[in-house]
Amino acid sequence: MPSCQNCQKQWSWKQMVRKMFTLDTGMICPHCGKKQFLTTASKKRAGLLNFLTPLVMLFGVLFDLPLSIILTLIVTSGIVVFAVYPFLVEFTDEEQALW
């Protein structure tokens, strides 16, 4: 789980999942109130993780799987993304470019 670069307190899984849905590039630390940004490596890992669900859809269509199995795989991949994402995040005090 990521830690705030300012106060060094670790964020909980629940706090990270809640913050996943913000559109702002920075996330406010729930402990000290300072803005934290994702590192470049975290952004790249999250981008790769986001390909999981479309890849599952493509897999289902290519192998002509029944719709019920495709939907089950899509829901399962979505759950995996939500469960794993908070563990892949690292923070920094300043915003970094993607490249």
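Numbers here simply count residues along the sequence, with the first being 1.
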For this session: Start with the C-alpha distance between F37 and M27, add both sets of side-chain angles, then the distance that settles side chain to side chain contact (heavy atoms under 4.5 Å, CB included), and finish with yes or no.
Result: CA-CA 6 Å; F37 300 94; M27 298 181 188; over 6 Å; no
For this session: Evaluate the side chain to side chain contact (heavy atoms under 4.5 Å, CB included) criterion for residues F91 and V89: first the C-alpha distance (whole Å), next the side-chain angles of each, then the deciding distance (0.1 Å), finally the verdict.
Result: CA-CA 7 Å; F91 288 133; V89 173; 3.8 Å; yes
Problem set entry | Any residue meeting ring-ring contact (aromatic ring centres under 6.0 Å, His included) with F59, in chain and number order, not counting sequence neighbours |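 F59 satisfies ring-ring contact (aromatic ring centres under 6.0 Å, His included) with F63 once adjacent residues are dropped.
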Exercise. Is it the case that more than 12 heavy atoms not belonging to E94 sit under 6.0 Å from its CD atom?
Worked result: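 Open: at most 12 neighbouring heavy atoms sit under 6.0 Å from CD of E94.
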For this session: Evaluate whether atom NZ of K43 has more than 12 neighbouring non-hydrogen atoms of other residues, nucleotides or ligands under 6.0 angstrom away.
Result: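 Yes, enclosed.
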Exercise. Which of these, K9, Q10, K14, sits in a side-chain contact (heavy atoms from CB on, under 4.5 Å) with S12?
Worked result: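 Among K9, Q10, K14, the one that satisfies the side-chain contact (heavy atoms from CB on, under 4.5 Å) with S12 is K14.
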Hey, what do you get for [atom1] ([X]) to [atom2] ([Y]), rounding to the nearest 0.5 Å?
X   : Y   : atom1 : atom2 : result
T39 : E95 : OG1   : CD    : 12.0 Å
Q8  : C29 : CD    : SG    : 10.0 Å
M16 : L88 : CE    : CG    : 9.5 Å
S42 : L49 : OG    : CG    : 11.5 Å

Are the side chain of [X] and the backbone N or O of [Y] linked by a donor-acceptor pair below 3.5 Å?
X   : Y   : value
T92 : Q36 : no
Q96 : T40 : yes
T72 : S68 : yes

Exercise. Between K34 and Q5, is any pair of side-chain heavy atoms under 4.5 Å apart?
Worked result: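 Not touching, per the 4.5 Å side-chain cut-off.
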Which atom pair, heavy atoms only, marks the closest approach of [X] to [Y]?
X   : Y   : value
P86 : P2  : O-CD, 3.4 Å
C7  : C4  : N-SG, 3.4 Å
P54 : F51 : CD-O, 3.4 Å

Transitively linked via ILVMFWY side-chain contacts under 4.5 Å: [X] with [Y]?
X   : Y   : answer
L62 : L65 : yes
M57 : L71 : no
I69 : L58 : yes
V81 : W13 : yes
L55 : I70 : no

Exercise. Partners of S77 by side-chain hydrogen bond (donor to acceptor under 3.5 Å, both in side chains), sequence neighbours excluded?
Worked result: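 Once residues adjacent in sequence are excluded, the partners of S77 under the side-chain hydrogen bond (donor to acceptor under 3.5 Å, both in side chains) criterion are T53.
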For this session: With sequence neighbours left out, write down each residue that passes side-chain hydrogen bond (donor to acceptor under 3.5 Å, both in side chains) with K35, or none if nothing qualifies.
Result: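 Here the qualifying residues are D24.
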For this session: Run the numbers on I79 and V75 for side chain to side chain contact (heavy atoms under 4.5 Å, CB included), then give the verdict.
Result: CA-CA 6 Å; I79 291 170; V75 169; 4.0 Å; yes
For this session: Using the side chain to side chain contact (heavy atoms under 4.5 Å, CB included) rule, take W11 and K19 through it: C-alpha gap first, then chi angles, then the decisive distance, then the call.
Result: CA-CA 10 Å; W11 289 38; K19 297 288 184 178; 3.6 Å; yes
Problem set entry | Verdict with reasoning, F82 to F87, per ring-ring contact (aromatic ring centres under 6.0 Å, His included) | CA-CA 10 Å; F82 280 109; F87 295 102; over 10 Å; no
